[in-house]
Amino acid sequence: MHTPMGMATPMGMRTPMGMATPMGMHTPMGMHTPMGMRTPGMRTPGLRTPGTPHTPHGGGGSLNDLGEARGTVLAVKLDRIMDSVTGQTVMDPKGYLTDLNALQVQSDADISDIKKARTLLKSVITSNPKHGPGWIAAARLEEVAGKVQSARQLIAQGCKHCPNNEDVWLEAARLEKPQNAKAVVAKAVKSLPHSVRLWIDAANREQDVQAKARVLRKALEFIPNSVRLWKEAVSLEDEVEARVMLARAVECVPHSVEMWLALAKLSSYKEAQRVLNEARKHIPTSPVIWVTAAKLEETQGNEKMVELILTRAIDSLAANGVTPDRDMWLKQAEEAEKTGFIKTCQAIVKVTIKVGVDEDVKGMKQNWIQDADAAINRNSIEVSRAMYNNAVMHLKNKKGLWLRLAELETKYGTSESLDNVLQRAVTYCPHAEILWLMAAKQKWLRGDVASARRILAEAFSHSKDSEAIHLAAVKLESENNEIQRSRLLLARARQQCNTPKVWMQSVQLEREQGLFQQALHLCEEGLREHPSYAKMWMIGGQIHMEKSPPELLEAAKFFERGLTKCPRSVPLWLCGVECEVRQQKYTKARSLLEKARLRNPGADLLWLKGVEVEMMDGSERLAHHLMSRALQECPTSGIMWAKAVELEPKQGQNAKSVDALKKCENDAHVIVSVAKLFWRDGKNAKARKWFNRAVTLNPRLGDAWGAYLAFELEHGTAHEQREVIRKCVDAEPNQGIDWNRVVKRVGNWRAKWAVKLKRYIEEGGGGDGRS
């Protein structure tokens with residue numbers, strides 16, 4: 001009598017599926033029947049049928065339903081990895097093996113998964129025993145399950161069924177103990193004598209270098225055209241043997257550039273020339289061989305041959321159908337630079353300068369600039385230098401290229417190389433005044449005043465009406481205390497170019513010498529020529545204020561005249577207000593500020609001055625009221641928010657600083673005010689961090705540098721103080737209300753930046769963090 005699903009009777013008779021279920025043996029789906037369980041349709045004393053509520057799974061269904069369900073699940077899983085039409089596996093062996101490697105047995109559920117996987121893989125290797133990945137997966141499953149011996153047995157069967165699959169052999173060798181693995185690999189190379197991977201594995205298992213070399217030489221007898229084997233074998237030999245082997249290697253693998261280059265490297269100069277010539281014959285499409293030949297000539301000092309070889313390379317490669325590749329050539333140039341072959345690097349750039357670039361001048365220039373900048377970013381300075389040097393020879397009158405080359409030499413070159421560049425630049429671009437100025441400045445910085453004068457004199461011959469050159473010549477003379485020379489130059493400049501700046505410098509020269517009457521005379525004369533030049537009106541009024549005793553009334557009249565001509569100049573309005581404050585005429589100062597704000601809406605400096613005037617007059621309530629109006633008028637002004645934080649009582653300053661940061665989080669004035677709060681609260685690490693952030697955001701803000709140095713003088717080390725001073729000198733700050741008030745005094749004009757910073761601190765400009 002047949003049981004459902006073909007299950008066996010209790011007497012052990014086989015079902016159509018070929019599986020028996022005597023007591024305790026497997027059911028068709030791999031399930032165990034408990035001792036004495038009876039099958040459907042049979043009655044055994046003392047046993048329940050599967051249909052009763054006490055089935056092994058606790059359910060009320062029949063084994064028939066359960067079997068069908070499990071069969072469906074198995075079918076779905078098998079469909080994923082088996083092709084039902086051809087019977088060939090379509091499993092992804094790499095992905096599955098990776099999953100197996102990651103598997104760790106941790107629970108009963110994992111054990112159950114392993115059993116399921118074991119069943120699936122058994123089906124795979126049974127249905128298709130020639131499929132190597134199936135055997136590997138099955139072996140790794142056993143390895144994961146901790147049954148290494150079973151894994152070895154399985155993979156051994158895999159080797160028998162798949163003797164031509166190197167992956168199976170390699171897996172078998174991996175699973176074996178080290179003392180047995182060599183034997184497995186030996187069998188493998190007998191079965192697959194042309195497998196490079198097997199021979200490499202066999203060599204790697206040898207501990208002795210000589211033994212490893214013997215294995216590799218044996219491998220080369222079977223696979224003489226394997227570049228990898230030759231490289232491995234050569235790497236084990238000394239220089240003499242390596243050269244012998246490489247000579248044989250290039251015969252066996254004449255297409256390998258590496259082999260030819262290695263042989264040339266181990267050869268003498270003459271022999272290397274011969275080797276590289278042979279290499280070019282066998283591989284006419286390789287630019288690397290040509291580059292190596294150029295490097296060889298450079299080692300012998302044959303610099304002319306370097307460029308000649310690379311020029312021939314371009315022609316030869318083109319004749320052999322090689323498409324010019326600009327990026328490849330630049331990469332070769334950078335590699336040559338990094339290995340110390342500077343002449344080769346320069347020659348590569350020179351002969352390939354026009355390869356792969358646009359034909360029109362603008363596109364050509366843009367391509368060269370991009371390539372040069374990219375080379376600098378990769379720290380390939382010689383490539384960039386060569387790029388610019390060749391670019392300016394093709395586009396000699398392009399000022400921008402010369403400036404970039406000069407900038408490069410300033411950063412990375414020597415004073416001689418910079419002089420050379422600037423000398424060539426002014427020759428090809430005689431009307432580019434900036435190049436003349438740079439050339440003169442370089443001479444001046446090195447103390448060669450005579451050469452600087454000569455350069456500027458030559459510049460005059462090309463640009464007689466250039467304001468910049470006239471003023472540079474004046475500065476050169478005045479810095480060297482040649483005041484009379486400066487006066488003569490300014491007199492000539494006023495005639496030849498007659499610009500407001502020339503008149504202003506004329507006034508400033510006399511002002512610096514203390515000759516106020518001459519200065520005012522020149523100022524009046526200049527204002528007749530340029531009545532709308534606000535700076536001249538400011539200077540004239542300031543000269544009256546600098547007299548001893550100060551002529552404040554005259555200064556006020558001068559500013560008033562200027563404001564009729566320049567009503568949009570905020571600095572001029574501020575000068576007028578400052579003059580009234582000096583006379584303690586606060587009502588007049590308020591009136592001027594109201595007029596100024598009407599003429600210049602949104603000018604935060606006018607609002608700030610208004611707040612300061614109220615504070616000086618003792619009207620703190622009015623100052624707070626004006627600040628509220630100012631923040632409505634200029635809601636994103638960092639300088640106003642910084643002042644607002646300062647005006648708040650100490651207990652409210654932190655909250656106010658939060659509001660300030662919300663409105664202008666990246667404004668240096670606000671950042672400085674926050675840093676001062678941390679300083680006041682003793683949070684020195686945070687204060688230092690915020691001061692550093694402020695000078696990073698705006699390195700030209702002198703007030704920030706002053707506050708930073710004041711903080712470091714109180715809490716920092718000598719090294720930290722020197723660093724702040726050094727960075728400030730590099731930044732050359734020229735902004736800041738308090739800063740400019742100090743450094744723009746006549747007595748500080750010629751002071752060094754470090755001295756200016758010191759004087760600023762001495763006058764209390766940095767604050768103390770406790771106010």
Side-chain angles (χ1 to χ4, degrees), residues 94 164-171 173-174 182 185-186 188-268 271-296 313 316-317 320-323 325 327-329 331-332 334-336 338-339 341:
K94 291 183 180 177
N164 296 325
N165 190 313
E166 62 182 14
D167 290 321
V168 176
W169 284 109
L170 289 170
E171 185 69 10
R174 186 186 69 81
K182 287 185 181 181
V185 177
V189 295
K190 285 182 181 178
S191 182
L192 289 170
H194 297 287
S195 169
V196 174
R197 291 172 63 199
L198 287 175
W199 282 108
I200 294 291
D201 187 79
N204 289 338
R205 293 184 183 279
E206 298 291 344
Q207 300 299 319
D208 182 56
V209 175
Q210 294 299 324
K212 187 179 289 191
R214 282 196 299 272
V215 171
L216 291 171
R217 291 192 178 200
K218 188 70 174 176
L220 287 168
E221 293 178 12
F222 290 95
I223 323 169
N225 61 345
S226 169
V227 175
R228 185 181 177 188
L229 284 176
W230 279 110
K231 287 171 67 176
E232 293 282 346
V234 170
S235 67
L236 299 176
E237 305 294 344
D238 58 31
E239 188 172 322
V240 176
E241 284 296 319
R243 192 182 182 290
V244 173
M245 290 195 72
L246 285 168
R248 174 62 178 157
V250 295
E251 294 176 8
C252 298
V253 282
H255 60 281
S256 171
V257 175
E258 286 179 282
M259 294 293 107
W260 286 106
L261 297 184
L263 178 58
K265 187 176 181 181
L266 294 178
S267 302
S268 63
E271 186 63 23
Q273 282 183 318
R274 187 192 64 78
V275 169
L276 291 173
N277 284 330
E278 285 296 316
R280 285 200 293 266
K281 292 176 185 177
H282 286 90
I283 317 171
T285 57
S286 171
V288 180
I289 296 173
W290 289 95
V291 173
T292 305
K295 291 178 180 178
L296 178 65
S316 176
L317 291 169
N320 283 280
V322 178
T323 304
D325 186 346
D327 291 336
M328 181 277 297
W329 282 112
K331 187 176 179 181
Q332 289 292 327
E334 290 181 18
E335 187 179 342
K338 287 179 173 59
T339 51
F341 293 96

Let me check something: any side-chain donor-acceptor pairs from residues 188-198 under 3.5 Å, sequence neighbours excluded? List them with distances.
residue : atom : partner : partner atom : Å
Ser191  : OG   : Pro163  : O            : 2.7
His194  : ND1  : Phe222  : O            : 3.2
Ser195  : OG   : Glu166  : OE1          : 2.4
Ser195  : OG   : Leu198  : N            : 3.3
Arg197  : NH1  : Glu166  : OE2          : 3.0
Arg197  : NH1  : Asp167  : OD1          : 2.9
Arg197  : NH2  : Asp167  : OD1          : 3.1

| field | Heavy-atom neighbours of Gln207 CD exceed 12 at 6.0 Å | value | no
| query | What ring pair (Phe, Tyr, Trp, His ring centres under 6.0 Å) pairs are there with at least one residue in residues 201-220, not counting sequence neighbours? | reply | none
| Nearest-0.5 Å distance, CD of residue Glu335 to NZ of residue Lys295 | 5.0 Å
| Gap between atom CD of Glu206 and atom CG of Asp201 - 0.5 Å precision | 10.5 Å
In a table with atom names and distances, give each donor-acceptor pair under 3.5 Å that connects a side chain of residues 272-283 to protein atoms at least two apart or in another chain.
residue : atom : partner : partner atom : Å
Gln273  : NE2  : Tyr269  : OH           : 2.9
Gln273  : NE2  : Glu297  : OE2          : 2.9
Arg274  : NE   : Glu271  : OE2          : 2.9
Arg274  : NH2  : Glu271  : OE2          : 2.4
Asn277  : OD1  : Arg280  : NH2          : 2.1
Asn277  : ND2  : Gln273  : O            : 3.2
His282  : ND1  : Glu278  : O            : 3.0

Quiz: residues 253-260 side-chain donor-acceptor pairs under 3.5 angstrom, not counting sequence neighbours:
residue : atom : partner : partner atom : Å
Ser256  : OG   : Met259  : N            : 3.3
Glu258  : OE2  : Lys231  : NZ           : 3.1
Trp260  : NE1  : Pro254  : O            : 2.9

| Is Asn320 reaching over with its side chain to a backbone N or O of Val322, donor-acceptor style, under 3.5 angstrom? | no
| query | Rounded to the nearest 0.5 Å, how far does CG of Leu220 lie from CE of Met245? | reply | 5.5 Å
| If only atom types and distance count, is the side chain of Ser235 paired as donor or acceptor with the main-chain N or O of Glu232 below 3.5 Å? | yes
| Contacts of type side chain to side chain contact (heavy atoms under 4.5 Å, CB included), residue Glu221, not counting sequence neighbours | Lys218
| message | Applying side chain to side chain contact (heavy atoms under 4.5 Å, CB included), can you list everything that pairs with Ala213, at least two apart in sequence or on another chain? | response | Leu236, Glu237
